[in-house]
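Contents: one structure, followed by commentary.
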Number of protein chains: 2
Amino acid sequence: MNGKQMIENDVSTEEKIKIAARKLFQEKGFDGTKTRDIAKESGINIALLNYYFRSKQKLFEIIAAEAVKDLFFNLLTILENEDSTIDHKLSQFVEHHVDLLKSNPNLIHFVLSSSHENNPTVESLLNDFKIKAIQSSFASQYIQYAKENKLSESPVHYLLNIVSLTVFPLMIKRLFEGGFDIDPKIYDELLEERKILIPKWIKGMSEA
Amino acid sequence: MNGKQMIENDVSTEEKIKIAARKLFQEKGFDGTKTRDIAKESGINIALLNYYFRSKQKLFEIIAAEAVKDLFFNLLTILENEDSTIDHKLSQFVEHHVDLLKSNPNLIHFVLSSSHENNPTVESLLNDFKIKAIQSSFASQYIQYAKENKLSESPVHYLLNIVSLTVFPLMIKRLFEGGFDIDPKIYDELLEERKILIPKWIKGMSEA
DNA sequence: GTCTATATAATGATAGAC
DNA sequence: GTCTATCATTATATAGAC
């Protein structure tokens, strides 16, 4: 058995390429990222990229698929937890996304941009997720919750509000900090505060 | 005077190019848009594009600058109106942006993407706007308002919430409709409802 | 598996005729 | 002002040696 190429405690070439590709695609998008840049960033050459992934397009699709999963997989887990109340799911949703997007600020932008550019791979992955979410136990749990709490507006508003309040501030983090010499910690603290504030606000909104 | 090239009731070549460029840049970004595509879309050829705008880059900068202005110019007018209360400005803000982004759904995405990709032109335009907003009469008016209403949280949260609730649902309009056969009118009606609901919600949040 | 060299295609921009 | 033809560069992908 001398085929063992991936040494323990090290990173395989394939993974090196993926790491570089992920970084560049998420920063500059598909068209803005050149295979040469990926090769340089990962310390290999273009031939190897094609050896492992056959084409830039195929490599992109792998990266995009993983990004969608990163963004949505844990979300489904949260939504489908049968032992959790709607209120608890709300708290978890906010906490999870603030943490996730603080550590990977480009993730949402990448997924939104890719779907915006009518990327079929991303579109179909997003669609799969939407179907799963609608079919999940969360849907019926939420309907029950809305009845009990006599939520007057459409449930779509309720969900839109939660996502908007949580995700949008993470999307404009750079915009907020750019230009001035604002310490990134200030905005990070603000985001931490929102983990607690958003559930509180959502309550207040329903009662308004 | 035979130099009159722009015929009444018609569109100049320069404008034709800009219209095509605006559409494509906003859909596909700088790197995704090819000069040949712009030429084809506007019914002219690449040579003319360079004749009028010297380069793809310069054309992009013009389009990007106009997009930032479209997004922010009216906003400053709303904020700086001395005869308007904070509450009224809030209503105007929501109404204005729902209308603006319904008619031009790509505008925000384009501006956010461009700033995301560290486009210096867009960055500097956004920065100019931020300075103007901070220096505007709105800033002091808001501080006064916050005191009177004893708003407990940071004013940044207050502003973030308004923008998040207003803008984010417009950013994911396509995402929401895509995949299923959802009538776009449904989401449009939802957005219309938000013109009235968001100011109400914001009140409720402050009191939570 | 990894590299260098190269084929093939596309892209931005210009020259020069009309 | 507008066009066709063309150049120079860059990009993706592959061939073939090691």
Side-chain angles (χ1 to χ4, degrees), chain A residues 1-64 114 117-121, chain B residues 1-64 114 117-121:
Chain A
M1 296 270 153
N2 56 2
K4 242 189 200 173
Q5 284 294 348
M6 184 167 171
I7 298 133
E8 293 285 338
N9 215 347
D10 204 355
V11 184
S12 68
T13 301
E14 190 173 348
E15 191 56 31
K16 271 186 209 153
I17 297 172
K18 279 179 69 177
I19 291 169
R22 184 153 39 233
K23 178 176 177 240
L24 292 172
F25 280 139
Q26 295 200 2
E27 266 175 22
K28 299 162 175 289
F30 180 79
D31 295 306
T33 301
K34 309 304 173 189
T35 50
R36 279 170 174 73
D37 302 336
I38 299 175
K40 186 185 268 183
E41 174 83 21
S42 50
I44 52 97
N45 54 67
I46 312 179
L48 268 183
L49 187 155
N50 288 289
Y51 172 77
Y52 279 106
F53 299 97
R54 226 187 117 60
S55 74
K56 176 187 172 184
Q57 181 65 40
K58 293 219 191 309
L59 174 55
F60 177 81
E61 281 168 18
I62 290 170
I63 299 297
S114 302
E117 285 157 18
N118 291 324
N119 184 300
T121 315
Chain B
M1 296 270 155
N2 55 2
K4 243 189 200 171
Q5 284 295 348
M6 183 168 170
I7 298 133
E8 293 286 336
N9 214 347
D10 204 355
V11 184
S12 68
T13 301
E14 190 173 348
E15 191 55 30
K16 272 187 209 153
I17 297 171
K18 281 178 69 176
I19 291 170
R22 184 154 40 233
K23 178 175 176 241
L24 292 172
F25 280 138
Q26 295 200 2
E27 267 174 22
K28 298 161 175 289
F30 180 80
D31 295 306
T33 301
K34 310 303 174 190
T35 50
R36 279 170 174 73
D37 301 337
I38 300 175
K40 185 185 270 185
E41 175 82 22
S42 50
I44 53 97
N45 54 69
I46 312 179
L48 268 184
L49 188 155
N50 288 288
Y51 172 77
Y52 279 106
F53 299 98
R54 221 182 126 60
S55 74
K56 176 187 172 184
Q57 181 65 41
K58 293 220 191 308
L59 174 55
F60 177 81
E61 281 168 17
I62 290 169
I63 299 297
S114 302
E117 285 156 18
N118 292 323
N119 184 300
T121 315

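Below, chains carry the letters A, B, ... as their sequence lines are ordered, and counting in each starts from 1.
- Between the C1' atom of dA13(D) and the CG atom of N45(A) lies a distance of 12 Å, rounded to the nearest Å.
- Screening residues 26-40 of chain B for side-chain hydrogen bond (donor to acceptor under 3.5 Å, both in side chains) gives no qualifying pairs among residues at least two apart or on separate chains.
- Using a 4.0 Å cut-off on heavy atoms, none of the residues of residues 35-42 of chain B approach DNA chain D.
- The salt bridge (charged side-chain N to carboxylate O under 4.0 Å, His left out) test applied to K23(A) returns E41(A), not counting sequence neighbours.
- Along DNA chain D, the nucleotide nearest to A47(B) and the one nearest to A47(A) differ in position, and the one closer to the 5' end is contacted by A47(B).
- Between E15(B) atom CD and dG1(D) atom P there is a gap of 14 Å when expressed in whole angstrom units.
- Minimum atom distance to the side chain of I46(B) is reached by dA13(C), of the listed dA13(C), dT2(D), dC3(C).
- Looking at residues two or more places apart in sequence or on another chain, you find no ring-ring contact (aromatic ring centres under 6.0 Å, His included) involving Y52(A).
- Of the residues in residues 48-60 of chain A, those lying under 4.0 Å from DNA chain C by heavy-atom distance are L48(A), Y51(A), Y52(A).
- For residues 27-48 of chain B, the ring pair (Phe, Tyr, Trp, His ring centres under 6.0 Å) pairs, not counting sequence neighbours, are F30(B)-F60(B).
- Applying a 4.0 Å cut-off to non-hydrogen atoms, the residues of residues 20-34 of chain B that approach DNA chain C are T33(B), K34(B), listed by residue number.
- Partners of E15(A) under the side chain to side chain contact (heavy atoms under 4.5 Å, CB included) rule, at least two apart in sequence or in another chain, are V11(A), S12(A), K18(A), I19(A), R22(A).
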Would you tabulate the side-chain donor-acceptor contacts of residues 42-51 of chain A under 3.5 Å, counting partners in other chains and residues two or more places apart, or write 'none'?
| unit_1 | atom_1 | unit_2 | atom_2 | d |
| --- | --- | --- | --- | --- |
| S42(A) | OG | I38(A) | O | 2.6 |
| S42(A) | OG | A39(A) | O | 3.3 |
| N45(A) | OD1 | A47(A) | N | 3.2 |
| N45(A) | OD1 | L48(A) | N | 3.2 |
| N50(A) | ND2 | I46(A) | O | 3.1 |

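- For residues 43-61 of chain A, no pair satisfies salt bridge (Lys or Arg N to Asp or Glu O under 4.0 Å), with sequence neighbours left out.
- Taking atom CD1 of I17(A) as the reference point, atom P of dA13(D) lies 13 Å away to the nearest angstrom.
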